[in-house]
Number of protein chains: 2
Amino acid sequence: MSVAPLRLGLAGLGTVGIGVVRIMQTEAELIAARAGRPVVITAVSARDPSKNRDADLSGYAWESDPVALAQRDDIDVFVEVMGGHEGAAKAATEAALAAGKHVVTANKALLAHSGQSLAETAEANGLALRFEAAVAGGIPVIKALTEGLAGNRIKRVMGVMNGSCNYILTRMQAANLSYEAVFEEARALGYLEADPNLDVGGIDAGHKLSLLASIAFGTRVAFDQVELEGIGNVSIDDIRLAEDMGYRIKLLGVAQMTGRGLEQRMTPCLVPADSPLGQLQGGTNMVVLEGDSVGQIVLRGPGAGMGPTASAVMGDVIDIARGFRLPTFGIPAAQLVTCQSARAATPAPYYLRMTLLDKPGALAKIATCLGEAGVSIDQMRQYGHPDGQAQVLIVTHKATPDDLTNALSRFTTTGVLVGKPVAIRVEEV
Amino acid sequence: MSVAPLRLGLAGLGTVGIGVVRIMQTEAELIAARAGRPVVITAVSARDPSKNRDADLSGYAWESDPVALAQRDDIDVFVEVMGGHEGAAKAATEAALAAGKHVVTANKALLAHSGQSLAETAEANGLALRFEAAVAGGIPVIKALTEGLAGNRIKRVMGVMNGSCNYILTRMQAANLSYEAVFEEARALGYLEADPNLDVGGIDAGHKLSLLASIAFGTRVAFDQVELEGIGNVSIDDIRLAEDMGYRIKLLGVAQMTGRGLEQRMTPCLVPADSPLGQLQGGTNMVVLEGDSVGQIVLRGPGAGMGPTASAVMGDVIDIARGFRLPTFGIPAAQLVTCQSARAATPAPYYLRMTLLDKPGALAKIATCLGEAGVSIDQMRQYGHPDGQAQVLIVTHKATPDDLTNALSRFTTTGVLVGKPVAIRVEEV
């Protein structure tokens, strides 16, 4: 093959970086056939050159500074798998684009915070800036959205995009354990980020959702507009009671354009137990894409790990080798619009759980509050308690978040409520 | 926007063709933004110009002959949504490639029969020949396989790719109806092709599988090597009894490379009821892609219909407008290899149902036959019958097809078998 090879500079030799090295070393011929030209690693960078990484790196030039790597004359593509949305990763990515290098990154935080300016720089310089590995690991969802479904006006994007949270929620249910117990298990197993709030606080998944929303709706990435609620308040009681009523609780991302602006939520939601989202177990990810022509497309696969993430990186690299160029977010960054944020404007059913004093008329008072706020009841169950209190579950018909808030504030005036009610949105999937 | 528009010639104004017209008319601006240039329909062709198609076609030149359409100077892309693997569709596609036009087609039969020569012609002329709409309707599976997972050695491709068959099988189960009854329902509802054997005989799905196998394994399309068995022999008894043992019956396509060659099967299989494939209801399609790095990716969506198929056509058109060029089957057609066919060489568990004379030692004789053939039993159930016969269900451990055939032939020598046993492969998904 006489075509010039595409030369990669690989910044980061953690799990994902070594995954890329392994694919490049074992499948060079296959990749060359698919890419139409050889693809080679020229140089790498990482903090500690002496660390044992269980891979032969002797054929690659070594840079201790990723900025220096990004600027080398002998690389065409800067592959950033270091992580972190500031500092070295950002500086090196900017340096690569300034030096005329394409960029492939797995860095959701960097894109969520600096995607607009990076995309503008890349597009001004005629360069590719790609990030398939940053969203839902090995699932080619960026490609599906920017390319496969490009003929669609996207109606809604949903997803379970943090495998650690889904592991915790499904493990709580399967083993009937508290959040706290499973959180500690997950931490001991190494399933959580060094700062676990990135996972369980929904931040990591929120980054991903904000990137998908930008592509889906042609809007500037607005991570700060994502309504974020982690899973720390999801109780095993709610998981069990939701199951009784045919639902599962997921940390669900939803982005949709409404008449009042772009709605972006990453919050615990109830979904039907027999839906693809409801059936998703463990660390697997799922993204649901809804388009006006195609209807609903569901993509399911591993959301993290060496092989899946490296697979996504290689898909982007091979596209660049093939000469594919498209704007980072599907349309030119300069055309992305700043969209008003609509916080959970869409009406939905709600799951409510509350404890009432077990005295005559208590439930009637709650029902009256709901009625006065314009919220009607779909399902209701009362569970007796030995301690003279009653646990009440309600699933409402569709209500606006404002009406629901109104109802909840009326509850406090009834004098029958013990503690605070739990309210969780039911997403219709 | 000053870039020259991409001009389409649309051959075929049936459901899919009109779907393409609708998207082009309602979303011209969105498509131009995504494609980086305007995309327009210049000319169309169909048999009957006077037919009411519920769409305004007055802006397009009309050709009654699709070959003439394919050769027009004012089109860049020939969009073939006529169907049929011989005659006009083939002649017009060849004419388009000879005239230097890119081709987008929804025609699985044409590709399955003539894909190699068409791809060679397209690649010799530097043209795109794309067919996302030909496989699994709106699901962007060709793109996922040729591009998103291009860094993977593919291990196995599976799928439920004929919505009519899945509708029939799930409806039989839900309503406890015979195959014949549901077949007539489906025909009355217009769910089946004019020649229903294309659907229920597995031919249409076999075409699709042969195209996916070519991309996955770098082999020439070999539809004639697909082991084909339709759903006409699937009985409601087997559906119910499989369900009792935790399985569902699907018309499942499986392609995998084995030590003995390429295995391609489109046959009824049992899959676990709680797997994504097992849970697939109605006309929806699902494709499972397994790669060495990524693991398992599952894609689910509508496999047919106006909107989904037009969505897939538009994805290909927009890729062409963006300048993306890759070989039709992922690697150059000249490099695709002719692969030996391995008919169901892979060992698997099997579901066996048989009727035995209800006399002492009958079951032992059957078990002995299995043991002598090297086939061991995983689950076994016997159901008594009022007529002095017994129905016996067996799920074996993994056995080779040869060993199973050997066991079945031994059964006939026992003198206790009534009629012919049913044997259905259990696919591990």
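Below, chains carry the letters A, B, ... as their sequence lines are ordered, and counting in each starts from 1. Since this is a predicted model, take the numbers as computed values, not measurements.
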Quick check on the structure: residues of residues 123-131 of chain A within a heavy-atom distance below 4.5 Å of chain B, by number. none
Between A:Asp292 and B:Arg22, is the closest basic N to carboxylate O distance under 4.0 Å? no
I'd like to know whether A:Val103 forms a side-chain contact (heavy atoms from CB on, under 4.5 Å) with A:Val77, so could you lay out the CA-CA distance, the side-chain angles of the two residues, the decisive distance to 0.1 Å, and finally the verdict. CA-CA 6 Å; A:Val103 172; A:Val77 183; over 6 Å; no
Could you check if a side-chain atom of A:Thr105 sits within less than 4.5 angstrom of a side-chain atom of A:Phe78, using non-hydrogen atoms only? no
A:Cys339 side chain near A:Met257 side chain, heavy-atom distance below 4.5 Å: yes
Does a salt bridge link A:Glu120 with A:Arg220, judged by any charged N lying under 4.0 Å from a carboxylate O? yes
In short, side chain to side chain donor-acceptor pair (under 3.5 Å) pairs touching residues 321-334 of chain A with sequence neighbours left out are A:His102-A:Arg325
So which of B:Met286, B:Glu132, B:Gln296, B:Arg153 has the biggest tally of heavy-atom pairs under 4.5 Å with chain A? B:Arg153
Can we say B:Arg156 and B:Glu290 salt-bridge, meaning some charged N sits less than 4.0 Å from an Asp/Glu carboxylate O? yes
Less than 4.5 Å apart, side chain to side chain, heavy atoms only: is that true for B:Leu336 and B:Phe329? yes
Hey, which of A:Ile318, A:Ile31, A:Asn152, A:Thr26 has the most heavy atom pairs under 4.5 Å with chain B? A:Asn152
Can you check side-chain contact (heavy atoms from CB on, under 4.5 Å) on A:Ile18 and A:Asp54, steps first, answer last? CA-CA 8 Å; A:Ile18 295 301; A:Asp54 201 18; over 6 Å; no
Counting only non-hydrogen atoms closer than 4.5 Å, does B:Pro327 touch chain A with its backbone (N, CA, C, O), its side chain (CB onward), both, or neither? neither
Who among A:Ser293, A:Gly148, A:Ala35 has the most heavy-atom pairs with chain B under 4.5 Å? A:Ser293
Looking at A:Gly315, A:Gly151, A:Ala150, which one has more heavy-atom pairs under 4.5 Å with chain B than the rest? A:Ala150
List the steps and the verdict of side-chain contact (heavy atoms from CB on, under 4.5 Å) for B:Leu212 and B:Val287. CA-CA 10 Å; B:Leu212 291 180; B:Val287 183; 4.1 Å; yes
Does the pair B:Thr170 and B:Asn166 meet the rule for a side-chain contact (heavy atoms from CB on, under 4.5 Å), with working shown? CA-CA 6 Å; B:Thr170 52; B:Asn166 203 52; 4.1 Å; yes
Any B:Pro38 side-chain heavy atom under 4.5 Å of B:Leu6 side chain: no
What residues of residues 297-313 of chain A sit under 4.5 Å from chain B when only non-hydrogen atoms are counted? A:Ile297, A:Val298, A:Leu299, A:Arg300, A:Gly301, A:Pro302, A:Gly307, A:Pro308, A:Ser311
Per-residue tally against chain B (heavy atom, under 4.5 Å) across A:Val294, A:Val39, A:Ile331 peaks at A:Val294
Structural part of B:Ile23 lying under 4.5 Å from a heavy atom of chain A: side chain
Donor-acceptor contacts, no H, no angles, side chain residues 135-144 of chain B, under 3.5 Å, sequence neighbours left out:
from, atom 1, to, atom 2, distance (Å)
B:Lys143, NZ, A:Glu147, OE1, 2.7
B:Lys143, NZ, B:Glu147, OE1, 3.0
B:Lys143, NZ, B:Glu147, OE2, 3.4
B:Lys143, NZ, B:Asp319, OD2, 2.6

